[in-house]
Structures are given as C-alpha cells and as structure tokens.
Amino acid sequence: MKLRRTAAAAAVVLAMAVTATACGKEGSPDDDKQDKDAPKLSYEVNTAADVKDSPVWSKVKGKKIKIGTKADQPNLGYEDPSTGKRSGFDVEIARMIAAELGFDEQHIEWKTVPTEARETQLSSGGVDFYVGTYTINDERKKQVDFGGPYYLAGQDLLVDKDSDIKTPEDIKGKKVCSVTGSTPLKRIKEKKYGVAKAKAQQGYQLCVQDLNNGQVDAVTTDDTILKGYAAQNDGLRVLGKPFSEEPYGVGLKKGDKALRDAINDAIETHQKNGNWKKAYDATLGKSGIPAPTPPKVDRY
C-alpha cells in the first residue's frame, strides 16, 4: 500500500513540475478527482446591493468584478487546468462575498495572482479584491486594507497516518520539510523545536513527495494548505494542533472603507447562515479535521 501511494505521489509531482509555469497540475491523476469533488454550493445574489460610496464597487457595478486568488492549492484555491473551473474554500469565500456585492458567477472574472504581486494588483486595480491565504499583518496594512479575518490558520504538521508524531513537540530529532524562504521553514529551524534536519523545497508538493517516500517525517506550513494535501492523500493526516496564528483576510485597495465594510458584512452574513461551515465541510473538511469556530471580524 505504501509503495503504491509513493508511486502515485511521485507521478503527481512529476506532472506538477512539468507544468509549474502554468500554475496548474495538468496531467495529474488528481485533476479529474479535484474537479468532480468541487463543491456544488450556491449563494443568493443580493440584487439590492448598493456600495455607492466605494470607488471600486462603483467602477464595476453592472459589469464584472475581478477577484484574485491562488490556483495551485487543492481544496483551498485551485484551478482545474482542463476546464478552468475554480474550487476550494478560499474560492467559496470569494463567491459568497461577490454574491453579497451583487455579482453572480457569470459576472466574476477570476485572476491568478502570485504571492509577491498581491499588493501591486490591489493598488493598481488589477483585481478588485483578493482571497488567497492572505495573512493580515501591520506591515501589509500600510499598503492595502483587509476585510475579515474569515479564517484563523496556524502552522501545523502533515504526517503519515501511522507516524508516532502526535504533537508539535514530537518533531524533536525528526526531519521536517517546508518551502524555501517561508516563515514556517524559518520557525521550524528555531532551536526549541530540535529538529534533526529542516529540509527546504521549492514547493509543498515536493515536500509531500518526500514525506510519501520516507525522506522526511513531516511537512509543515499553514494548516489550511496541509488539509488540502491530506484530503488528496489517504495515507496522510494533519495533526490539528497549530502552533502559530495566521488570520486570513480579504485584501482590497487601501482607503476604500465602504467596500471593506461591505466585505465584512458579507463574511458575517455567511458565517451566521451556515454557508461558511458548508463551504469548509465541502473543501478543507475532506481532510478529516472538523470545522473550527469562525473568527470574529475585525472592523479596524
């Protein structure tokens, strides 16, 4: 079983590597599964939406709203390379917000935005808002505004289901993989964790391959990302014991208070009506980790 899972994981990673520049997973055996498993959720469009004091909303009213997100994170922000369909928890949050702002699915224009370009795209109007594992912090608030948080993530560990790693303290003397230059990699290198080796890779899918091959004992990054991989790998599990706090927010152009208020209203509406939990259960919930309590919106 382990051998078959390892071989399958290697095939997935090879396909990813071949199409890395396209930000997709064309050729991966998981492509069809991801598309078939995409949540069939819908949200009532607020036809009476009026955010006239928002420069961004006034510009796109009656047209299309441009939403930035990720495209390569399973069950979080994913674009099927063969169909172009978007799926994942972040995508569902974006759809909820768009519906409250008066936009149905046909009036959403999706745009894949790399991490390093988020502030530029929001400031220049390349996207109207952004949902994609975007941690709220004071440094980023100098450049953009945030709605939310809509999810409180935290650094966690992805391990084999039969691993003896049960808590973050158990990684002492173990080999742990994360992405080059990432905050999770930097944190895991701290002396207090006592890891035997902190391995750096260019992508999390490569870390998952190393885990499946037995080259490392765990993969570490935000629990949301790890849950996506756990949902695709039956032999892996997320500890569910985060050891940091990463509040995910909706990025928007700085100074557009009316739009920020409207986005916050939308998040609260869908937390209360149950759509937030339905979206989680249909995406990240496939990892086996039950839905957490949604975080309180910070109307700073």
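Using a cutoff of 4.0 Å between basic side-chain nitrogens and carboxylate oxygens, Lys199 and Asp210 are scored as salt-bridged. Ionic pairing of Glu109 and Lys66 is not present here: no N-O contact between side-chain nitrogen and carboxylate oxygen is shorter than 4.0 angstrom. Taking the charged nitrogens against the carboxylate oxygens, Lys277 and Asp281 do have a contact shorter than 4.0 Å, which makes a salt bridge. With respect to Asp265 and Arg260, no salt bridge is recorded, no charged nitrogen being found less than 4.0 Å from a carboxylate O. A salt bridge links Lys142 and Glu139; the closest N-O separation between the charged side-chain nitrogens and carboxylate oxygens is under 4.0 Å. Salt bridge absent: Arg86 and Asp80 never bring a charged side-chain N and a carboxylate O closer than 4.0 Å. Between Asp164 and Lys174, at least one side-chain nitrogen of the basic residue sits less than 4.0 Å from a carboxylate oxygen of the acidic one, meeting the salt-bridge criterion.
A distance-only check finds a donor-acceptor pair linking the side chain of Asp223 to the backbone of Gly154 [under 3.5 Å]. Between the side chain of Asn75 and the main chain of Gly88, no donor-acceptor pair closer than 3.5 Å is present. A donor-acceptor pair is defined here as one N or O able to donate and one able to accept, closer than 3.5 Å; no such pair exists between the side chain of Gln205 and the backbone of Asp72. No donor-acceptor pair under 3.5 Å is formed between the side chain of Ser58 and the backbone N or O of Pro55. Checking side-chain atoms of Asn233 against main-chain N and O of Leu236 turns up no donor-acceptor pair under 3.5 Å. No donor-acceptor distance shorter than 3.5 angstrom exists from the side chain of Lys241 to the backbone of Val238, with no hydrogens or angles considered. For the pair Asn273 (side chain) and Asn275 (backbone), a donor-acceptor distance under 3.5 Å is present. Under a 3.5 Å cut-off, the side chain of Arg118 and the backbone N or O of Thr115 do form a donor-acceptor pair. In terms of modelled atom types and a separation under 3.5 Å, the side chain of Thr69 and the main chain of Gly132 share no donor-acceptor contact. Between the Asn212 side chain and the Gln209 main chain, no donor and acceptor come within less than 3.5 Å of each other.
Listed by chain and residue number, Phe89 satisfy the ring pair (Phe, Tyr, Trp, His ring centres under 6.0 Å) test with Trp276 (two or more places apart in sequence, or in another chain).
How far OH of Tyr280 is from CD1 of Ile93: 12.0 Å, rounded to the nearest 0.5 Å. In this structure, CZ on Arg237 lies 8.5 Å from CG on Asp162, to the nearest 0.5 angstrom. For the atom pair NZ (Lys186) and OG1 (Thr180), the distance works out to 15.0 Å, reported to the nearest 0.5 Å. Of the inter-residue distances, the one linking Ser87 atom OG with Glu79 atom CD reads 9.5 Å to the nearest 0.5 angstrom. Atoms CD1 and CD1, from Ile65 and Ile108 in turn, are 8.0 Å apart once rounded to the nearest 0.5 Å. The CG atom of Leu259 sits 4.0 Å away from atom OG of Ser54, with the distance rounded to the nearest 0.5 Å.
Other residues, nucleotides and ligands place more than 12 heavy atoms under 6.0 Å from the CD atom of Glu190. No more than 12 heavy atoms of other residues, nucleotides or ligands shown are found within 6.0 angstrom of NZ on Lys61. More than 12 heavy atoms of other residues, nucleotides or ligands lie within 6.0 Å of NZ in Lys166, so this atom counts as buried by the packing criterion. Remark: Lys59 NZ is packed, more than 12 non-hydrogen atoms of other residues, nucleotides or ligands lying under 6.0 Å away. Within 6.0 Å of the CD atom in Gln215, the count of heavy atoms belonging to other residues, nucleotides or ligands exceeds 12.
Summarising the geometry of Pro247 relative to Pro149, their closest heavy-atom pair is CB-CB, 3.9 Å, with the distance given to 0.1 Å. Residues Ile136 and Lys141 share a closest heavy-atom pair of CG2-CE, 3.6 Å. Smallest separation of non-hydrogen atoms from Pro184 and Tyr204: CG-OH, 4.3 Å. A pairwise comparison of heavy atoms in Ser123 and Val144 identifies OG-CG1, 4.4 Å as the closest pair. Taking both residues in full, the closest heavy atoms of Ser178 and Ser182 are given as OG-OG, 3.4 Å, listed atom of the first, atom of the second, then distance. The two residues Leu158 and Ala230 come nearest to each other via the heavy atoms CD1-CB, 3.9 Å.
Note on Leu101 and Met96: same hydrophobic cluster, where clusters join Ile, Leu, Val, Met, Phe, Trp and Tyr whose side-chain heavy atoms are under 4.5 Å apart, directly or indirectly. Both Val297 and Val51 are part of a single hydrophobic cluster, where members link through side-chain heavy atoms under 4.5 Å apart. Cluster annotation: Leu122 and Tyr300 are assigned to the same hydrophobic cluster (Ile/Leu/Val/Met/Phe/Trp/Tyr, side-chain heavy-atom contacts under 4.5 Å, transitive). Cluster annotation: Val131 and Ile225 are assigned to the same hydrophobic cluster (Ile/Leu/Val/Met/Phe/Trp/Tyr, side-chain heavy-atom contacts under 4.5 Å, transitive). Under the 4.5 Å side-chain contact rule for hydrophobic residues, Val91 and Leu41 share a cluster.
Side-chain contact check for Arg140 versus Thr135: some heavy-atom pair is nearer than 4.5 Å. Within the 4.5 Å cutoff, the side chain of His270 has no heavy atoms near those of the Lys278 side chain. For the pair Leu76/Thr133, a side-chain contact is recorded, criterion being any heavy-atom separation below 4.5 Å from C-beta on. In this structure, Val179 and Thr221 have side chains that are not in contact, with every pair of non-hydrogen atoms separated by 4.5 Å or more. Considering only heavy atoms from C-beta on, Tyr130 stays 4.5 Å or farther from Val250 through its side chain. Annotation: side chain of Val219 is not in contact with side chain of Tyr229 (no heavy-atom distance under 4.5 Å). Using a 4.5 Å heavy-atom cutoff, the side chains of Gln155 and Pro242 are not in contact. Residues Val60 and Phe103 have side chains in contact (heavy-atom distance under 4.5 Å, counting atoms from C-beta outward).
Across Glu92, Arg95, Glu105, Glu100, a single residue satisfies side chain to side chain donor-acceptor pair (under 3.5 Å) together with Tyr43, and that is Glu92. Across Val159, Thr220, Asp217, Ile165, a single residue satisfies side-chain contact (heavy atoms from CB on, under 4.5 Å) together with Ile171, and that is Ile165.
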| field | Steps toward side chain to side chain contact (heavy atoms under 4.5 Å, CB included) verdict (Phe129, Val56) | value | CA-CA 9 Å; Phe129 67 87; Val56 170; over 6 Å; no

Candidate pair Trp57 and Asp256, rule side chain to side chain contact (heavy atoms under 4.5 Å, CB included), full reasoning = CA-CA 9 Å; Trp57 188 86; Asp256 197 334; over 6 Å; no

Candidate pair Ile67 and Val127, rule side chain to side chain contact (heavy atoms under 4.5 Å, CB included), full reasoning: CA-CA 5 Å; Ile67 305 176; Val127 295; over 6 Å; no

>> side chain to side chain contact (heavy atoms under 4.5 Å, CB included) for Asp128 and Leu252? Distances and angles first, verdict last.
In response: CA-CA 6 Å; Asp128 299 313; Leu252 64 147; over 6 Å; no

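Within the 6.0 Å centre-distance limit, the rings of Tyr134 and Phe146 are counted as a close aromatic pair.
For the residue pair Asp222/Thr224, the side-chain donor-acceptor check at 3.5 Å is not satisfied. Side-chain polar atoms of Tyr150 and Asp90 form a donor-acceptor pair below 3.5 angstrom.
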